Amino acid sequence: IIPELIGRLPVIASLNSLTREDLVRILTEPKNAMTKQYKALMEFDNVDLDFEPSALDAIADSALAMEIGARGLRSVMERTMTDIMYQVPSDDEIEKVVITADSVKQLSDPIVVRKKTKGRNIS
C-alpha cells in the first residue's frame, strides 16, 4: 500500500486510563521524573527535598480528579512547589523541605527543617 493512501486512513486507538499507581510511577521512576527534577533544583541551594509517599498519592489523586492524565501531574506539582521554590533561595537557614499530603491539598505548608544554630533548632 502506498504511503499517500495509508495517510488518509483513519486511525482509531483505544487507551486505558492511568491509575494512581501509574501516575506515582511517572512521578518517581523515569530518569527525568518530576520529583527528581525538583530535588535537583533544591540541591542548587543545598536543600534536601523529600516527598512523603502520601504526598505522591495526593498528587496523583489531584491529577486524576482533573481528568487529563499525566499532563495534570505538572500543574499539581507546580501548584505545590511554587511558594517553597521562591522561599528557599532567600533563606540560608533552610536545610530540608518535606512535601506532605496536606501541603499538596493546600491544607498546610510543607515541613521546613532549619539548620541548627547555637545548639538549638530554629523553626
Side-chain angles (χ1 to χ4, degrees):
I1 300 178
I2 60 174
E4 290 82 7
L5 178 62
I6 294 294
R8 289 180 170 74
L9 294 176
V11 178
I12 298 174
S14 71
L15 303 173
N16 295 330
S17 297
L18 295 171
T19 65
R20 177 200 293 176
E21 292 77 22
D22 294 333
L23 294 175
V24 170
R25 289 181 58 213
I26 290 169
L27 282 171
T28 58
E29 289 182 12
K31 182 179 178 182
N32 63 343
M34 278 187 277
T35 54
K36 293 176 184 177
Q37 291 176 22
Y38 278 105
K39 286 180 182 189
L41 287 171
M42 293 294 235
E43 285 176 3
F44 288 130
D45 293 309
N46 298 317
V47 174
D48 292 327
L49 175 64
D50 286 331
F51 291 87
E52 291 183 346
S54 60
L56 296 173
D57 289 339
I59 293 168
D61 288 339
S62 294
L64 285 171
M66 297 169 93
E67 296 183 354
I68 56 173
R71 289 182 300 237
L73 294 173
R74 169 84 50 203
S75 64
V76 175
M77 285 288 286
E78 287 177 359
R79 182 186 70 213
T80 302
M81 296 298 299
T82 298
D83 290 341
I84 200 69
M85 293 297 291
Y86 282 108
Q87 186 180 6
V88 166
S90 62
D91 190 343
D92 293 336
E93 295 298 315
I94 296 176
E95 181 176 29
K96 182 176 183 178
V97 174
V98 180
I99 305 300
T100 63
D102 284 343
S103 62
V104 172
K105 297 173 188 173
Q106 297 184 328
L107 299 174
S108 68
D109 292 331
I111 298 170
V112 175
V113 178
R114 298 185 181 277
K115 296 176 183 171
K116 292 185 179 185
T117 309
K118 296 181 184 177
R120 56 178 235 193
N121 192 8
I122 299 172
S123 49

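Since we're looking at a predicted model, the values are computed, not measured.
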Asks: Could you check Lys116 against Glu95 for side-chain contact (heavy atoms from CB on, under 4.5 Å), going step by step and ending with a plain yes or no?
Replies: CA-CA 9 Å; Lys116 292 185 179 185; Glu95 181 176 29; 5.8 Å; no
Asks: Give every donor-acceptor pair under 3.5 Å between a side-chain atom in residues 66-78 and any protein atom, sequence neighbours left out.
Replies:
| from | atom 1 | to | atom 2 | distance (Å) |
| --- | --- | --- | --- | --- |
| Ser75 | OG | Gly72 | O | 3.0 |

Asks: What heavy-atom pair brings Pro89 and Asp92 nearest, and what distance separates the two atoms?
Replies: O-OD1, 4.4 Å
Asks: Taking all heavy atoms of Lys115 and all of Ile94, pick out the closest pair and write down the distance.
Replies: CE-O, 4.1 Å
Asks: By the definition side-chain contact (heavy atoms from CB on, under 4.5 Å), identify the one residue from Thr19, Ile59, Leu23 that meets it with Leu64.
Replies: Leu23
Asks: To the nearest 0.5 angstrom, please state how far the NZ atom of Lys105 sits from the OG1 atom of Thr100.
Replies: 9.0 Å
Asks: Taking only residues two or more places apart in sequence or in another chain, which ones pass salt bridge (Lys or Arg N to Asp or Glu O under 4.0 Å) with Asp22?
Replies: none
Asks: Write down the atom of Val104, the atom of Arg79, and the distance for their closest heavy-atom approach.
Replies: O-NH2, 3.4 Å
Asks: Report, one line per pair, each donor and acceptor closer than 3.5 Å where one atom sits in a side chain of residues 41-53; sequence neighbours left out.
Replies:
| from | atom 1 | to | atom 2 | distance (Å) |
| --- | --- | --- | --- | --- |
| Asp50 | OD2 | Lys96 | NZ | 3.0 |

Asks: Rounded to the nearest 0.5 Å, what separation is found between the CD atom of Gln87 and the CG atom of Asp109?
Replies: 7.5 Å
Asks: Mind checking the CG-CG spacing from Asp61 to Leu56? Nearest 0.5 Å is all I need.
Replies: 11.0 Å
Asks: Side chain of Thr28, backbone of Val24: donor and acceptor closer than 3.5 Å?
Replies: yes
Asks: Using a strict cut-off of less than 4.0 Å between a Lys/Arg side-chain nitrogen and an Asp/Glu carboxylate oxygen, indicate whether Arg114 and Asp91 qualify as a salt bridge.
Replies: yes
